[in-house]
Every structure is written in structure tokens, then in C-alpha cells.
Visitor: 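Sharing a structure here in C-alpha cells format.
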Number of protein chains: 2
Amino acid sequence: MSILDAHGKALTDYPRPSVAVDTAVLTVADEALCVALVERDGGRRLPGTFLHEEELLAEAVARSLRDRAGLRGVVPRQLHVFDAVDRDDRGRVLSVAHLIALPSSALHDVDLVPVVEAHGLDFDHDAIVERAVDALRESYAERPDPAGILGPEFTLLELHRLHSAIDPTTAQKDTFRRAMLPHLDGLDRLQEGVIGKPARLFRRR
Amino acid sequence: MSILDAHGKALTDYPRPSVAVDTAVLTVADEALCVALVERDGGRRLPGTFLHEEELLAEAVARSLRDRAGLRGVVPRQLHVFDAVDRDDRGRVLSVAHLIALPSSALHDVDLVPVVEAHGLDFDHDAIVERAVDALRESYAERPDPAGILGPEFTLLELHRLHSAIDPTTAQKDTFRRAMLPHLDGLDRLQEGVIGKPARLFRRR
DNA sequence: GGAATAGTGTCTGTGAGACACTATTAG
DNA sequence: CTAATAGTGTCTCACAGACACTATTCC
């Protein structure tokens with residue numbers, strides 16, 4: 001830590017910003033795409049924390065979410081650094097925005113708000129939600145449930161419902177089926193205990 | 001700066017990482033996609049600097065490039081934060097990677113190296129170049145010269161050559177023309193002083 | 001059989017890609 | 001005229017999207 005630069009100073013002799021992580025935790029509940037919000041100082045915001053020394057950004061994201069919900073191995077995706085000088089009046093704070101997608105069953109003790117109603121958040125968190133939704137839709141447009149919200153096995157109806165909740169412009173079932181089949185392995189097992197013809201189970205390829 | 005948190009401490013009482021910006025400056029020279037590199041301590045790396053207080057990331061990028069080349073209004077695009085704990089042995093340094101694309105005529109006093117030969121760079125700069133090239137190709141796939149490398153007016157041959165240098169899988173001239181025309185305004189002026197039929201000039205829509 | 005859902009045959013339109021032709025200029 | 005490059009008519013192929021039909025299960 002005491003390595004000096006060309007001016008005879010260590011890195012820690014220069015002013016440094018604080019670095020935070022803020023995470024848009026997205027999920028689907030009741031057929032609606034929702035984001036997890038926390039209440040703080042009378043406002044609503046995304047869960048976040050400050051980056052610790054010797055900690056990766058992904059670890060800080062995991063730490064910030066571990067308390068609020070029994071979150072297992074989360075795999076945050078980095079979205080963007082928000083760097084407006086006045087975005088936090090406690091000082092210069094950069095926020096590295098992240099995205100996580102999870103089944104709603106994995107979340108506890110958080111407010112789930114449909115993204116269409118999640119406006120007026122603190123800081124620049126509206127913009128983070130917007131980026132997160134765009135990124136999620138893009139990733140779901142090409143591949144079946146890339147975040148693994150459904151677990152390892154699912155029917156095409158379940159998959160179609162999930163994709164339609166995430167993006168209402170998702171194609172209807174027959175087109176959707178043909179687009180997704182190349183990325184799926186069909187199992188030789190069927191759904192059980194349902195009305196109508198039982199559907200085949202699939203795994204992601 | 002003296003606002004206290006729930007533990008009675010100000011933000012500056014917590015350890016903070018240093019934040020750097022590193023920029024992949026991409027250009028096309030001699031029909032080849034090139035990246036600008038600087039020599040330092042016997043290694044090659046991307047131009048970069050540390051973020052100053054009260055400075056935006058884009059401003060730090062502009063500052064780091066202003067010295068090395070008479071760079072006008074650059075519009076850096078943010079790519080990714082590299083956060084490995086040991087990526088810089090002077091201490092904990094986050095690097096926010098950026099991309100800029102410019103005409104090679106705007107660059108002076110830098111080494112231009114074809115991206116296919118730009119390996120073995122310092123830190124994690126190989127990965128930054130890879131991300132930058134991917135991002136540039138993606139942006140050029142849909143729109144004509146979105147970075148404005150060619151200036152305001154150009155022929156379709158010039159545009160095609162540029163796109164082909166950036167991405168060798170670019171379609172051939174007729175398909176390329178039809179794909180790009182919806183995003184172009186044809187002028188009523190023609191190229192002058194050339195062999196063969198003079199080409200029409202276009203502007204980005 | 002009837003209800004319910006799974007899965008598919010097939011038609012249409014669109015558009016990428018390639019080939020080869022025509023058009024326009026200089027000399 | 002020839003050389004050289006610009007620009008386009010047109011064919012093929014693939015595929016998204018939609019409709020409607022068939023298939024399979026439980027009751």
C-alpha cells in the first residue's frame with residue numbers, strides 16, 4: 001500500500017470517492033414484473049451498501065441482500081456506474097448499479113412493487129430500474145429463462161408465462177415454442193396432476 | 001461532507017478504493033481496426049487516469065486523452081467496472097473501462113496497434129479491449145457510423161469500407177446498402193474527382 | 001363423450017443475402 | 001470505344017408470426 005508514484009505520493013494521498021452498489025432485484029409475482037424496494041428516511045430505494053476494502057462488487061451486492069432475504073448464490077450483473085457529482089448529499093458517491101433476477105419465493109421482508117408503479121425513488125434509482133428492466137428483457141428475448149427463475153425443469157407453458165410477464169411483447173405460444181426449442185432439452189417425463197394433456201418437461205440446454 | 005450516518009460516522013471515515021478510468025480508443029487505420037496504446041514501465045496499456053474529486057467519469061476520460069492527442073469533444077461510452085482486488089499492486093483500484101471511437105486523423109503521439117495484435121497488455125486491459133471491440137461492433141451492426149468517424153458526409157463505399165474494417169462479417173455492398181439506406185439522407189450532391197461513376201453523398205439521418 | 005390443455009401442419013409475408021445486370025462517369 | 005465504379009432488378013431461402021387443426025389426458 002505504500003508504493004509511491006511519479007510524484008512521490010501513495011494512492012491514498014489522493015482524494016477518493018466513496019463507492020456504493022445498488023441492486024435492482026427483479027422477480028415475477030402474480031404475472032407482473034416486480035422490483036424489490038426498501039423504505040428509508042421516508043423514501044423508497046433499491047437495496048444497496050458501500051463497498052468494503054478487499055471486497056468485490058459482487059460480494060458487496062450479495063452482502064447487501066443477505067440480511068434482507070435469505071438469498072442463496074446470487075449472480076449479480078453489472079449495469080452501469082452512476083456518477084453525478086451531486087447524486088448523494090453526504091459527499092461524492094459513485095454507485096455501481098446491478099441487476100439480479102430471482103424467483104419471488106426466494107425473497108422475504110421486502111416490498112415487491114410492479115415496475116410500472118416504481119417511480120419517484122430516491123437518488124437516481126428510477127434510472128437504475130429502467131436499465132435493469134431493459135437488460136432483463138434483452139437477455140430473455142433470446143434464451144429461455146437465463147436467470148433460472150423457474151428452476152431446472154419446467155414446461156413450455158410455465159416458460160411462456162414467465163417470459164410474457166417480463167416482456168408483454170413476447171410471441172404467442174407456437175412461435176415462442178419454436179424459438180425456444182433449440183435451446184432446450186426435452187426430458188422423457190411429463191407434468192403430473194394437471195387438468196388436460198400433461199406437458200413435457202424441459203431443461204435449459 | 002460532514003453529514004453523519006446511523007453510526008455517527010461520515011462517509012470519509014470509511015475506507016475507500018481509488019477509482020481509475022481506462023479508455024480503449026479505437027480507430028480505423030489502413031483498413032484495420034486499431035487501438036491506441038501507451039508505453040509505461042516497459043509494458044503496454046490503455047490510456048487512463050485517476051478520477052478527481054468533483055469530476056465526472058466522462059471528464060476524467062477526456063482529461064486523460066487531452067494531453068496525448070488534440071482530442072475535441074469526445075463522447076466516451078462506459079463499458080464495465082473491473083474490480084479484482086489484486087488488479088493493481090499499488091492498492092485497491094477500481095477501473096471503469098470506457099470506449100471512444102475516432103478518426104485516426106484526430107490521434108497524435110500514440111501507438112496505434114491493430115486489435116488482433118493487441119495482447120499481453122498490463123493489468124486487465126486485454127479484457128477491456130475485447131469488450132470495447134464487441135461493443136463497437138454491436139453499435140455499428142445496426143446504424144451507419146454511429147461514432148461519426150467519417151464526418152458528416154460520406155459515400156456508401158466509404159461507409160462500407162469503414163464497417164467492414166470494424167467487423168469483417170459485414171454484408172457485401174448491395175445488402176449493406178439496403179440495410180443502411182433507411183438511416184441515411186441522400187444529398188443531391190456527388191463525389192468529385194474520382195475514377196468511374198461518382199457516388200452520391202449521404203448524411204446520417 | 002366433454003373439457004381442457006399440449007403440440008404441430010401449413011400458409012403468408014418479410015427480409016437478408018447473393019448474383020448479375022444496367023447506369024454513369026472519365027479519358 | 002474502354003475502364004472503372006455506382007446502383008438496382010430479381011431470385012432464393014429462411015424464418016417469424018398467425019391460424020387452425022390434431023393429440024392426449026382427466027373426468
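Every chain is numbered from 1 and lettered A, B, ... according to where its sequence line falls, protein lines coming before strand lines.
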Visitor: Quick one: ring-ring contact (aromatic ring centres under 6.0 Å, His included) partners of B/H125, sequence neighbours excluded?
Guide: B/F123
Visitor: Rounded to whole Å, how long is the line connecting atom CG of A/L159 with atom P of C/dA6?
Guide: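 The distance from CG of A/L159 to P of C/dA6 comes to 13 Å, rounded to the nearest Å.
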Visitor: Got a sec, which pairs hit side-chain hydrogen bond (donor to acceptor under 3.5 Å, both in side chains) with one end in residues 174-185 of chain B, sequence neighbours left out?
Guide: B/D185-B/R205
Visitor: According to side-chain hydrogen bond (donor to acceptor under 3.5 Å, both in side chains), does anything in residues 109-118 of chain B pair up with another residue at least two apart or in another chain? List the pairs.
Guide: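 Listed once each, the pairs would be none.
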Visitor: Starting at CD of B/E192 and ending at P of C/dA26, how long is that distance when rounded to a whole Å?
Guide: 10 Å
Visitor: For B/T23, enumerate each residue passing the side chain to side chain donor-acceptor pair (under 3.5 Å) test, keeping only those at least two apart in sequence or located in another chain.
Guide: none
Visitor: Taking only residues two or more places apart in sequence, or in another chain, which ones meet B/T49 in a side chain to side chain donor-acceptor pair (under 3.5 Å)?
Guide: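 With sequence neighbours excluded, B/T49 shows a side chain to side chain donor-acceptor pair (under 3.5 Å) to B/R63, given in chain and number order.
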Visitor: Does anything in residues 135-145 of chain B reach DNA chain C, meaning a heavy atom under 4.0 Å, and if so which residues?
Guide: none
Visitor: For A/H163, enumerate each residue passing the ring-ring contact (aromatic ring centres under 6.0 Å, His included) test, keeping only those at least two apart in sequence or located in another chain.
Guide: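 Per chain and number, A/H163 pairs via ring-ring contact (aromatic ring centres under 6.0 Å, His included) with A/Y140, A/F176.
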Visitor: Tell me: CD1 of B/I195 to C1' of D/dT2, nearest whole Å?
Guide: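 Taking atom C1' of D/dT2 as the reference, CD1 of B/I195 is at 13 Å.
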Visitor: Encode nucleotides 7-16 of chain C as B, S and - characters from 5' to 3', where the letter depends on protein heavy atoms closer than 4.0 Å: B to the base, S only to sugar-phosphate, - to neither.
Guide: BBBB-----S
Visitor: B/R204: which residues meet the salt bridge (charged side-chain N to carboxylate O under 4.0 Å, His left out) condition with it, sequence neighbours left out?
Guide: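 For B/R204 the salt bridge (charged side-chain N to carboxylate O under 4.0 Å, His left out) partners, ignoring immediate neighbours, are B/D145.
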Visitor: Given atom CD of B/Q191 and atom P of C/dT25, what is their separation to the nearest angstrom?
Guide: 12 Å
Visitor: Under 6.0 Å between ring centres: does that hold for A/H52 and A/F50?
Guide: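 No: the rings miss the under 6.0 Å criterion.
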Visitor: Write down the distance between CZ (B/R161) and P (D/dT5), rounded to a whole number of angstrom.
Guide: 9 Å
Visitor: Could you tell me how far apart A/Q172 (CD) and D/dA20 (P) are, to the nearest whole angstrom?
Guide: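 It is 11 Å, rounded to the nearest whole Å.
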